[in-house]
Every structure is written in structure tokens, then in C-alpha cells.
Amino acid sequence: MILYPAIDLKDGQAVRLYKGDMDKATVFNDSPAAQAKAFQEAGCEWLHLVDLNGAFAGTPVNGAAVEAILAETSVPAQLGGGIRDMATIEMWLTKGIARVILGTVAVEDPDLVRAAAKAFPGKVAVGLDARNGRVATRGWAEETELMVTDLARSFEDAGVAAIIYTDIDRDGAMQGPNVDATAALARATSIPVIASGGVSSLEDLRALKATGAPLDGAISGRALYDGAIDLAEALAVLKA
């Protein structure tokens, strides 16, 4: 499994939100690029970037911060938040993002996901954010009646590189991920699943591994910044 350290971008800074609330943001680093470089130097093989402002605005907002991160690092980075048309997808891939994450448009315009995955093989992931098993969109501000598993399965034949599954009520709350739901999703689809939301201890990482489900990796943010997870140990646990 791959450890994806999260760098959530708000107003040009690296922050973490509590349960997706933009008013409950903790700033962890004024320089997202320096933070990204530190993660790379510590041995991380991927970066997980989110343009939080962009997720609400529907267009990229923290582009300068993302470009600074790309300039400072050489490991691949995946980016989500405000990517809702082919031009934006192409723009980010051209600038050096290894994989774009499509969230809201996966619900509102699934044909775009299919077209993008076909045009850019291996470079398009789907972000499925859920509350009580139902998908939420537009920076988690709007809930739908769509079940996560059903939406994931609908992209089985599309060539999607990965699904990033976030349990919103666990995100930034340091309460542990929804292990059962994440494992169930990974078993229900042939698309690689990345666990996100609430990964806050080495035990959480061990629990995800112990499910035996075909998980590609796990994203962690606040716990890495707070020191609740030792990065070197986490990398060792997931590689074991």
C-alpha cells in the first residue's frame, strides 16, 4: 500500500479542515511547497493535493501553490478540487500533475469522467466523498441519494486509475477511518481504492491492511502534521 500525505490548500496555505468545514481550518504550513518537499525527503512516493477553495468555487483557486509544489518536488502528485471540465484536466496534466481527481463531476457529468479517462489513460481518478454511504458533492456541501458503491461500479469499464474514498464524518476528526466501508468498497469494484478520511494512527493503517481488501493505499493529513503518525513508521507498515 502507498501512503499519500495530504496537502490541503486554502488561501495559499497548507491546512486541515475538521469534517470538511471551511470555517474550521487549522494552518499547518504557510509554505505548501516546503511541506511537499519535506514529505518527499522523508520517503513519500506520492503526494495528495486538494484545492479546497477550488472545490467550493468550481474552478482552480490555489494554482500558484500547486505549481510551487510541482517545482519543488519530483514525486508524482494527484490533485483534486475544482476540476470540472476537460480544459482544466488537460491544463493540470500539462503542468505536471500525475493524476487529476474528479469528484463533483463524477456525479453531475459522468460522461466527462469517461472521456477524460479515455483521453488520459492512468491519469484520472474519481473522488467519492460520502456521508452515511451516500455521495456528497461541491466541497461536501451538497448530499445526493447516490450510494458510493453504485457510483463506483458505474465506472468499472471507464479506465479510471483509482477511487479515493473519503468518509466525511471521519475527515480531520482523528477518529479513525471507516475501515469496514472502505474494505467493502474495495471488494465491490475492480478499480483500485485509496482510503481517506480519519487515518490518524499506525493502528488505523494496520487495520486497513488487515482487512485483506485490495486497497491501493491510504491518505493521511492531520495526523502527520500533529505527529500522531510517525511518517517513517507509517511507510514501513504499509510496505510490510
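From a predicted model like this one, the values you see are computed outputs, not experimental measurements. We use all heavy atoms of the structure for the numbers below, so side chains are in, but hydrogens, waters and symmetry mates are not. When a residue number appears, it is its place in the shown sequence, counting from 1.
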Any non-hydrogen side-chain atom of [X] less than 4.5 Å from a side-chain atom of [Y]?
X      : Y      : value
Thr59  : Thr88  : no
Val15  : Lys10  : yes
Ile7   : His48  : no
Val75  : Trp46  : no
Arg187 : Thr211 : yes
Asp216 : Val193 : no
Val66  : Trp92  : yes
Arg99  : Val124 : no

Counting distance only, does the side-chain N/O of [X] pair as donor-acceptor with the main-chain N or O of [Y] below 3.5 Å?
X      : Y      : result
Asp167 : Gly197 : no
Arg16  : Asp8   : no
Thr144 : Val135 : yes
Arg84  : Ala55  : yes
Asp85  : Ala87  : yes
Asn178 : Ala181 : yes

task: State which residue, out of Ser200, Cys44, Pro5, fulfils the side-chain contact (heavy atoms from CB on, under 4.5 Å) condition with Leu224.
output: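 Testing Leu224 for a side-chain contact (heavy atoms from CB on, under 4.5 Å) against Ser200, Cys44, Pro5 leaves exactly one candidate, Pro5.
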field: Verdict with supporting geometry, Leu128 and Thr166, side chain to side chain contact (heavy atoms under 4.5 Å, CB included)
entry: CA-CA 6 Å; Leu128 298 183; Thr166 304; over 6 Å; no
Are the charged groups of [X] and [Y] less than 4.0 angstrom apart, N to O?
X      : Y      : result
Arg114 : Asp157 : yes
Lys239 : Glu45  : yes
Glu203 : Arg206 : yes

- request: Classify the ring geometry between Phe28 and Tyr225 as parallel (under 30°), tilted (30 to 60°) or perpendicular (over 60°).
  value: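 Ring orientation, 0 to 90° scale: parallel.
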task: Start with the C-alpha distance between Val107 and Leu151, add both sets of side-chain angles, then the distance that settles side chain to side chain contact (heavy atoms under 4.5 Å, CB included), and finish with yes or no.
output: CA-CA 8 Å; Val107 176; Leu151 187 56; 3.7 Å; yes
field: Criterion salt bridge (charged side-chain N to carboxylate O under 4.0 Å, His left out) on Lys37 and Glu72, from CA distance to verdict
entry: CA-CA 6 Å; Lys37 194 173 183 181; Glu72 284 290 328; 3.6 Å; yes
query: Between the side chains of Thr104 and Thr137, does any donor sit under 3.5 Å from an acceptor?
result: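 Short answer, no.
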query: Under a single-linkage definition using a 4.5 Å side-chain heavy-atom cutoff for Ile, Leu, Val, Met, Phe, Trp and Tyr, are Ile164 and Leu52 assigned to the same hydrophobic cluster?
result: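 No, Ile164 and Leu52 fall in different hydrophobic clusters.
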field: Chi angles and distances behind the side chain to side chain contact (heavy atoms under 4.5 Å, CB included) call for Ile163, Ile194
entry: CA-CA 6 Å; Ile163 286 172; Ile194 299 169; over 6 Å; no
- request: Give the intermediate values and the outcome of side chain to side chain contact (heavy atoms under 4.5 Å, CB included) for residues Ile97 and Glu67.
  value: CA-CA 9 Å; Ile97 286 292; Glu67 290 188 45; over 6 Å; no
